[in-house]
Amino acid sequence: MPAMTRAVVLLSGGLDSTVTMARAKEEGYMLYPLSFDYGQRHKKELECAGKIARYYEAQEHKILKIDLGQIGGSALTDVSIAIPEKRDLEEIGEDIPATYVPDRNTILHTLALGYAEVMKADAIFIGANALDYSGYPDCRPEYFEAFQKVAELGTKAGVEGRAIVIKYPLINMTKAEIVKEGTRLNVPFHLTWSCYYGQEKACGKCDSCLLRMKGFKEAGITDPIEYIKSGGGA
Ligand SMILES: [Zn+2]
């Protein structure tokens, strides 16, 4: 790999995107994390993303503002829609839950593609995961294969034969495998935030908390963040 190879890393401040950031660093890329202030319920994950970007001494941390709340239609952007809680782990992923934000990932990935082209980045790293996930259609491998085509066909860089490579290294990992990978890479788990709520402690009841807790438990590793209810981590 030539020197000064750049990667835009989608950094939400959560577990998966932080492990993905660590992977991009391990592969030798200069890091250009990108976060979105998209009208989500709370800003805590953005604060975490900022801390993680500083931890990794990123070249530049870009936060793009885009108000998906104007479209609404999701529990994450409309406080009048309830966030599902205390679901069975078997239930999670079977249907598309109220926390699905209509077309969010395609909207955000497209913005990342434009940013990556301007920054002359060679790759975009995305921490999507299709195993222990919430059932979102835009987290599946076939979706990312199609998005790679968009990068090849829809950008100047692609037409000129230097298409930006879409990387999604966690796509086939379980949450436990992601936690183990993060441990191998010395990821600062204490800086990450997964909960759909932005309280001082994680709720321990939303799908995102439940999947995270399951991952740490199965990996046999203690989750350093605090939960409101007992039973966080291993
Ligand atoms: Zn939660």
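All ligand and atom numbering here is 1-based and tracks the order in the structure. Computed from a prediction, not measured in an experiment: that's the story for all the values here. We're numbering straight along the sequence, starting at 1.
Here the protein contributes C195 SG, C203 SG, C206 SG, C209 SG as N, O or S atoms under 2.8 Å from the Zn ion (ligand 1).
Dense packing is recorded around NZ of K43, with more than 12 heavy atoms of other residues, nucleotides or ligands lying under 6.0 Å away.
With ring centers used as reference points, H61 lies 6.0 Å or more from Y32. With ring centers used as reference points, F125 lies 6.0 Å or more from Y168.
E200 contributes no side-chain N or O that, together with a main-chain N or O of E226, makes up a donor-acceptor pair within less than 3.5 Å. Judged by distance alone, with hydrogens and angles left aside, the side-chain atoms of R23 form no donor-acceptor pair with the main-chain N or O of P169 at under 3.5 Å.
Partners of A219 under the side-chain contact (heavy atoms from CB on, under 4.5 Å) rule, at least two apart in sequence or in another chain, are A176, V179, K180, I221.
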